[in-house]
Amino acid sequence: MDSRVKEAVRYLGYGRHAVDEKTKGLVRDSFEELDRTVQGRLVYRIFELDVPDDGRVKIEDLEIASRNLAKNMKGCRRAVMLGATLGIQVDMLMKRYSLTDMTRALVLQACAAAALEEYLDEWQEKFKNEAAGEGYYLRPRFSPGYGDFDISHQKDFIRMLDSAKKIGLTMTDGCMLTPTKSVTAVIGMSREDIPCHKKGCEECKKTDCIYRRQ
Ligand code: SF4
């Protein structure tokens, strides 16, 4: 199985269980359909960062109370905030299938989640090389809603990135991003070279790392 198919199967909740050929075929078809539909867009900005020793993170006028984020960002001098979306067409496709074929809609949902991660990983790999050219190393991506990083901070990302205007990314009153297959995240930039795992601390074997997020 190629890695994106594997990831989508994991999102579908198969875990270690074997996945049947029919589902695998559905996953492959869904990725093909997504490849024709996705209009990935991403906006990012780099800010000076302050991480005082009290469980807060300050990015310009934004103050975030999150011990998990503060731990992960400790020692970082800059932060890159980003917003990314697969576009509204993906929502329309998912809606269409949810009315006609629920199984396909669920598979598509999982594939779109995997495609979004893949899109971000690819961007991050390029950005990592650019940052390295300036002597900065990246910590893992951290999104509002993760650990004690309050999901309501998504509105700050949308404001600071001007993402509604730049890439059509907004949110509802209930803090749901629209289009739905979108993400906001922040990445710490440090002068210290810690070879972070692409998939974040959860997949990283360095269990004694002092920046490890819980
Ligand atoms: S645990 Fe791994 S991924 Fe997480 S901050 Fe440490 S080195 Fe980076």
Side-chain angles (χ1 to χ4, degrees), residues 7 10-11 13 15 42-85 113-114 116-121 123-125 127-128 130-132 134-163 169-178 180-214:
E7 196 68 359
R10 193 172 67 82
Y11 283 130
L42 187 144
V43 60
Y44 75 91
R45 276 182 75 192
I46 298 168
F47 296 96
E48 295 301 309
L49 174 74
D50 184 19
V51 189
D53 239 348
D54 58 1
R56 282 179 309 150
V57 172
K58 291 181 184 173
I59 306 172
E60 261 200 355
D61 65 339
L62 173 64
E63 211 175 276
I64 302 166
S66 163
R67 294 206 171 271
N68 296 153
L69 183 64
K71 186 178 177 196
N72 184 245
M73 296 252 161
K74 184 130 193 70
C76 293
R77 298 182 180 191
R78 290 179 169 186
V80 52
M81 291 172 81
L82 65 99
T85 181
L116 181 59
E117 281 299 302
E118 190 181 57
Y119 179 61
L120 285 163
D121 285 348
W123 172 81
Q124 194 167 318
E125 201 52 36
F127 183 74
K128 183 176 135 189
E130 274 172 40
E134 292 178 32
Y136 282 98
Y137 302 92
L138 306 185
R139 299 273 167 83
R141 287 197 296 274
F142 218 112
S143 290
Y146 207 103
D148 63 356
F149 185 5
D150 202 294
I151 196 157
S152 65
H153 281 301
Q154 285 190 146
K155 69 173 179 313
D156 300 309
F157 281 67
I158 285 166
R159 170 180 60 85
M160 290 167 80
L161 295 168
D162 198 13
S163 68
L169 172 60
T170 56
M171 63 180 262
T172 65
D173 291 343
C175 287
M176 291 283 295
L177 293 175
T178 53
T180 57
K181 287 300 167 221
S182 303
V183 81
T184 60
V186 63
I187 303 171
M189 299 172 71
S190 156
R191 290 287 192 197
E192 194 186 349
D193 183 9
I194 318 167
C196 286
H197 197 291
K198 198 167 83 176
K199 294 268 171 221
C201 303
E202 293 69 23
E203 301 284 322
C204 183
K205 298 273 183 296
K206 296 184 199 77
T207 48
D208 59 347
C209 172
I210 57 166
Y211 306 112
R212 193 175 184 89
R213 61 186 184 195
Q214 265 94 31

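For K206 (side chain) and P195 (main-chain N/O), a donor-acceptor pair under 3.5 Å exists by modelled atom type. T184 contributes no side-chain N or O that, together with a main-chain N or O of G83, makes up a donor-acceptor pair within less than 3.5 Å. A donor-acceptor pair under 3.5 Å links the side-chain atoms of R139 to the main chain of N72, judged by distance alone. A donor-acceptor pair under 3.5 Å is formed between the side chain of T172 and the backbone N or O of G174.
Residues L69 and V186 have side chains in contact (heavy-atom distance under 4.5 Å, counting atoms from C-beta outward). The side-chain heavy atoms of V43 and L82, taken from C-beta on, include no pair separated by under 4.5 Å. E60 places none of its side-chain heavy atoms less than 4.5 Å from the side chain of E48. The closest side-chain heavy-atom distance from K74 to I210 is not below 4.5 Å. A heavy-atom distance below 4.5 Å is not found between the side chains of R45 and V80.
Of all non-hydrogen atoms in M73 and I187, the two that sit nearest each other are CE-C, 3.8 Å. Taking all atoms of both residues into account, the shortest heavy-atom contact from M189 to F127 is CE-CZ, 4.1 Å. When every heavy atom of I158 is checked against every heavy atom of T170, the shortest pair comes out as CD1-C, 3.6 Å.
Other residues, nucleotides and ligands contribute over 12 non-hydrogen atoms within 6.0 Å of the CZ atom of R212. Counted within 6.0 Å of NZ on K128, heavy atoms from surrounding residues, nucleotides or ligands total 12 or fewer; the atom is thus considered open.
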- request: Give the intermediate values and the outcome of side-chain contact (heavy atoms from CB on, under 4.5 Å) for residues K58 and L49.
  value: CA-CA 6 Å; K58 291 181 184 173; L49 174 74; over 6 Å; no
message: side-chain contact (heavy atoms from CB on, under 4.5 Å), that's the test. Do L120 and L42 meet it? Break it down for me.
response: CA-CA 9 Å; L120 285 163; L42 187 144; 4.1 Å; yes
task: Show the numbers, then the answer: is there a side-chain contact (heavy atoms from CB on, under 4.5 Å) between I194 and Y211?
output: CA-CA 9 Å; I194 318 167; Y211 306 112; 3.2 Å; yes
message: Walk me through whether R67 and F149 qualify under side-chain contact (heavy atoms from CB on, under 4.5 Å).
response: CA-CA 8 Å; R67 294 206 171 271; F149 185 5; over 6 Å; no
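Every residue two or more places apart in sequence or in another chain that forms a side-chain hydrogen bond (donor to acceptor under 3.5 Å, both in side chains) with E202 is listed here: Y146, R213.
The CG atom of L177 sits 9.0 Å away from the OG atom of S143 when rounded to the nearest 0.5 Å. Taken to the nearest 0.5 Å, the CZ atom of R77 stands 8.0 Å off from the OG atom of S190. The structure places SG of C196 at 9.0 Å from CG of D193, a figure rounded to the nearest 0.5 Å. Atom CG in D156 sits 8.0 Å away from atom CG in D61 (nearest 0.5 Å). Between atom CG of residue L116 and atom OG1 of residue T85 there is a gap of 7.5 Å, rounded to the nearest 0.5 Å. Note that NZ of K155 and CG of L62 are 9.0 Å apart. Values are rounded to the nearest 0.5 Å.
No side-chain donor from either of Y11 and E117 sits under 3.5 Å from a side-chain acceptor of the other. There is no side-chain donor-acceptor pair under 3.5 Å between N68 and S66.
Taking the six-membered ring where the residue is Trp, the centroids of Y119 and W123 are separated by 6.0 Å or more. For H153 and F157, the distance between ring centers is not under 6.0 angstrom.
Remark: D121 engages K199 in a salt bridge, criterion side-chain N to carboxylate O under 4.0 Å.
Note that R78 lies outside the cation-pi zone of F47, set by a 6.0 Å cut-off to the ring centre and a 45° limit from the axis.
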